[in-house]
Amino acid sequence: MEVFYNMTSPFTTFHLIGIPGLEAAHVWISIPFCCLYTIGLSGNSMILFVIITEQSLHEPMYYFLSMLSATDLGLIVSTMSTTLIVLWFDLREISLDGCIVQMFFLHGFTVIETGVLVAMAFDRFVAICDPLRYNTILTNAKILQIVLVILLRMIVVLMPLLLLLKRLSFCKMNVLSHSYCYHPDVLKLSCSDTRPNSFWGLTGLILTSGIDIPCIIISYIMIIRSVLSIASPTEQHKVFSTCMSHIGAVAIFYIPMITLSLVHRFGQSSPKIVQTMMSNIYLILPPVLNPVIYSLKTAQLRGLLLKLLLAKSPPLSY
């Protein structure tokens with residue numbers, strides 16, 4: 001017991017890492033990171049601003065898009081601070097409480113985003129398969145209920161997961177694999193029994209991605225069946241094109257997330273730099289690319305964003 005006590009610390013401190021093997025170039029590496037963060041912040045902020053201020057965009061599709069942009073902003077902000085602090089100042093230490101707070105926002109916004117993607121799939125399903133009842137099904141009250149369910153699920157999944165971390169003991173060499181706190185990464189450093197944590201982590205995964213991915217797949221199977229019943233190839237192409245932005249958002253969110261999970265579970269022998277790069281792609285890619293995808297594929301939104309960007313200030317009066 002005495003030896004075990006000496007191996008653990010009641011005041012746990014974790015050590016974040018930057019890019020393994022490239023520590024001397026962290027300042028230069030921070031430049032593309034800053035550019036990507038700036039693109040993500042500005043792109044999602046502009047989409048939010050346009051949707052809020054333009055009355056013509058006050059429709060269910062754009063409400064869900066605004067939720068996606070707000071969630072992407074949350075993902076960026078929740079990790080940007082620690083990542084840039086590590087790259088700029090080489091400040092790597094973070095307390096267990098600080099880790100838990102960051103994980104709440106990081107994993108919380110991740111759970112919210114997967115729920116929003118399901119809501120957007122439902123929106124496309126109703127718009128294509130039952131267009132005459134679209135406005136009666138997706139009312140403002142129904143959208144509010146969907147938002148509340150997404151938030152409630154996030155709290156139910158995350159709170160037990162994070163509270164279970166408080167009972168664990170950690171070894172003194174608490175070196176994480178990323179520049180932010182990621183739950184599986186923190187869990188594997190514990191010196192005590194983590195089976196309850198792993199069980200609830202698996203339960204949370206089933207309640208989120210385990211439900212959401214099949215729902216999105218089923219919705220698109222039904223959409224494809226409905227679209228193929230349309231005789232005109234031109235109409236088929238037009239209807240399919242309205243789904244491309246959402247399909248792109250789903251792909252850039254789930255593919256990096258699943259890949260990172262597989263690397264953590266089965267790729268322990270892989271180089272540290274692979275895990276680090278995957279973790280950064282997982283968090284940076286969706287917030288950066290989602291505004292680009294929706295701006296390119298949604299003509300109405302694209303026009304309003306261009307109008308905002310090209311707006312000239314009034315001439316100075318003398």
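Note that these values count all heavy atoms, side chains included, but never hydrogens, waters or copies made by symmetry. If you're wondering where the values come from, they're calculated on a predicted model, not measured in any experiment.
Within the 3.5 Å criterion, the main-chain N or O of V126 finds no donor-acceptor partner in the side chain of D130.
Residues Y37 and V288 form no side-chain contact, since every pair of their non-hydrogen atoms from C-beta on lies 4.5 Å or further apart. Residues C99 and L165 are not in side-chain contact: their nearest non-hydrogen atoms beyond the backbone lie 4.5 Å or more apart. Residues L158 and L161 form a side-chain contact, since some pair of their non-hydrogen atoms from C-beta on lies under 4.5 Å apart.
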_Apply side-chain hydrogen bond (donor to acceptor under 3.5 Å, both in side chains) to residues H178 and Y282 and explain how you reach the verdict._
CA-CA 12 Å; H178 312 299; Y282 157 60; over 6 Å; no

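The distance from the CD1 atom of I252 to the CD1 atom of I293 is 4.0 Å, given to the nearest 0.5 Å. Here CG of L91 is found 12.0 Å from CG of L84. Values are rounded to the nearest 0.5 Å. Note that the CG atom of L106 and the OG atom of S78 stand 5.0 Å from one another [nearest 0.5 Å]. With rounding to the nearest 0.5 angstrom, the OG atom of S279 is 8.0 Å from the CD1 atom of I17.
Ion pairing between D193 and R167 fails under the 4.0 Å rule for side-chain N and carboxylate O.
If you check the side chains of Y254 and T114, you find a donor sitting under 3.5 Å from an acceptor. A side-chain donor from one of T82 and Q102 sits under 3.5 Å from a side-chain acceptor of the other.
When the shell of 6.0 Å around NE2 of H58 is examined, it contains more than 12 heavy atoms from other residues, nucleotides or ligands. In the displayed structure, Y134 atom OH is contacted under 6.0 Å by more than 12 heavy atoms of other residues, nucleotides or ligands.
The two residues V116 and I150 come nearest to each other via the heavy atoms N-CD1, 3.9 Å.
Under a hydrophobic clustering in which Ile, Leu, Val, Met, Phe, Trp and Tyr are joined whenever their side-chain heavy atoms come within less than 4.5 Å, directly or via other members, V118 and I258 fall into the same cluster.
Relative orientation of the H246 and Y220 rings is parallel, given thresholds of 30° and 60° on the angle between their planes.
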